[in-house]
Amino acid sequence: MPGTYAQISIQIVMAVKYRKALISPDWEEKLYKFITGLVHNHGQNMIAINGMPDHIHIFLGLRPECHLPALVREIKKSSNNYINKNNLTKERFYWQNGYGAFSYGRSQMMSVVNYIENQKEIHKRRDLREEYMQLLTRFEVNFKNEYLFELMD
């Protein structure tokens, strides 16, 4: 789009269905590279990606014409297929329905990158639920507790 200029940075948080710890350290880097390739193939910029066995954080630079829900849907669908096709888990892998998306200004980018890169250390002190609740609260996102995560009974 000629004459359109934008800097849009979005952090996406996606959880494994039922918050199961299925993303193994043995293959998480392969998953991150696969997702990075998807993001680049859709014309977007991967700034940072990292996570834990039960969730990942993806920090993107988005073009204005990008439809975020469609991009996330493609990331989930394609990474599900990648994980299952390559038998990376003993059981079928699925992402949780929904996701979190949080926008940041240019001055906040390095702190978000550091936060994502340090996920392993951060989660020694708090779990995904606590982390996610803090993000929702900080960004003043209205939510209902019963819809945050599907948990196994």
Side-chain angles (χ1 to χ4, degrees), residues 1-23 25 27-83 93-151:
M1 272 185 252
T4 300
Y5 305 98
Q7 184 274 310
I8 304 168
S9 303
I10 304 286
Q11 177 187 192
I12 300 163
V13 182
M14 301 181 344
V16 177
K17 190 163 186 153
Y18 304 124
R19 290 179 42 204
K20 289 184 176 183
L22 296 180
I23 301 172
W27 52 266
E28 70 180 352
E29 282 302 316
K30 290 180 186 175
L31 175 64
Y32 300 158
K33 286 179 183 175
F34 179 82
I35 292 172
T36 298
L38 284 171
V39 167
H40 288 155
N41 288 341
H42 282 82
Q44 309 311 311
N45 180 38
M46 178 67 76
I47 300 169
I49 184 170
N50 198 6
M52 294 297 292
D54 65 345
H55 74 283
I56 65 171
H57 293 256
I58 302 169
F59 191 34
L60 305 172
L62 297 181
R63 293 182 170 195
E65 67 274 8
C66 179
H67 184 246
L68 185 62
L71 178 62
V72 173
R73 187 172 39 255
E74 181 61 29
I75 290 170
K76 285 182 169 187
K77 181 185 86 170
S78 294
S79 60
N80 270 351
N81 291 340
Y82 173 79
I83 292 166
F93 183 94
Y94 299 99
W95 290 108
Q96 173 86 32
N97 288 328
Y99 59 92
F102 309 96
S103 62
Y104 294 89
R106 183 114 181 113
S107 64
Q108 300 166 300
M109 287 178 68
M110 281 315 299
S111 63
V112 177
V113 168
N114 289 333
Y115 179 79
I116 291 172
E117 288 176 350
N118 289 299
Q119 279 293 291
K120 309 287 191 268
E121 199 58 40
I122 289 165
H123 285 288
K124 288 179 181 177
R125 297 184 302 274
R126 64 176 180 240
D127 68 3
L128 170 60
R129 182 182 261 304
E130 186 179 350
E131 175 186 48
Y132 201 61
M133 295 288 285
Q134 286 177 345
L135 284 166
L136 292 169
T137 302
R138 182 176 352 134
F139 283 86
E140 299 178 5
V141 176
N142 294 324
F143 63 92
K144 292 186 178 186
N145 268 329
E146 63 268 25
Y147 298 122
L148 284 183
F149 297 106
E150 292 177 56
L151 299 174

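Remember, it's a predicted structure, so these values are computed and weren't measured experimentally. FYI, side chains are in, hydrogens and waters are out, and symmetry mates aren't considered; it's all heavy atoms of this structure.
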For a quick test of reading the model, state the closest non-hydrogen atom pair linking [X] to [Y] and the distance between them.
X	Y	result
Ser78	Glu74	OG-OE2, 2.5 Å
Ala101	Leu68	CB-CD2, 3.8 Å
Ser79	Trp95	OG-NE1, 2.8 Å

Euclidean distance, [Y] [atom2] relative to [X] [atom1], rounded to 0.5 Å:
X	Y	atom1	atom2	answer
Asp54	Ile23	CG	CD1	7.5 Å
Arg19	Leu128	CZ	CG	5.0 Å
Leu62	Ser103	CG	OG	10.0 Å
Trp27	Tyr82	CH2	OH	8.5 Å
Ile75	Asn80	CD1	CG	12.0 Å
Ile47	Thr36	CD1	OG1	11.5 Å

Below 4.5 Å, heavy atoms only, C-beta onward: do [X] and [Y] meet side chain to side chain?
X	Y	answer
Thr4	Glu65	no
Phe102	Leu136	yes
Gln108	Gln11	no
Ser9	Val112	no

Original post:
For Phe59, which of Ile116, Ile10, Ile12, Asn50 qualifies under side-chain contact (heavy atoms from CB on, under 4.5 Å)?
Top reply: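 With Phe59 as partner, Ile116, Ile10, Ile12, Asn50 yield a single side-chain contact (heavy atoms from CB on, under 4.5 Å), made by Ile116.
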**OP:** Have a look at Val13 and tell me which of Leu135, Ile58, Ile56 forms a side-chain contact (heavy atoms from CB on, under 4.5 Å) with it.
**Re:**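 For Val13, the side-chain contact (heavy atoms from CB on, under 4.5 Å) test succeeds with only one of Leu135, Ile58, Ile56, which is Leu135.
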Subject >> Glu131/Tyr115 under side-chain hydrogen bond (donor to acceptor under 3.5 Å, both in side chains): CA gap, chis, key distance, verdict >> reply: CA-CA 11 Å; Glu131 175 186 48; Tyr115 179 79; 2.4 Å; yes
Subject >> Met133/Glu130 under side-chain contact (heavy atoms from CB on, under 4.5 Å): CA gap, chis, key distance, verdict >> reply: CA-CA 5 Å; Met133 295 288 285; Glu130 186 179 350; 5.8 Å; no
Original post:
Under the side-chain contact (heavy atoms from CB on, under 4.5 Å) criterion, do Val39 and Ile49 qualify, and how do the steps go?
Top reply: CA-CA 11 Å; Val39 167; Ile49 184 170; over 6 Å; no
Is the backbone of [Y] close enough, under 3.5 Å, to the side chain of [X] for a donor and an acceptor to pair up by distance?
X	Y	answer
Tyr32	Gly51	yes
Tyr99	Lys76	no
Arg63	Gly43	yes

**OP:** Establish, yes or no, whether a centroid distance under 6.0 Å links the rings of Tyr104 and Phe139.
**Re:**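 Yes, close enough.
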Subject >> Donor + acceptor pair across side chains of His55, Gln119 (<3.5 Å) >> reply: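 Per modelled atom types, His55 and Gln119 side chains form a pair under 3.5 Å.
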Original post:
Angle class for the His123/His57 ring planes (parallel below 30°, perpendicular above 60°, tilted otherwise)?
Top reply: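 Tilted, since the angle between the ring planes falls between 30° and 60°.
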**OP:** Check whether more than 12 heavy atoms from other residues, nucleotides or ligands sit under 6.0 Å from atom NZ of Lys77, and answer yes or no.
**Re:**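 12 or below, so no.
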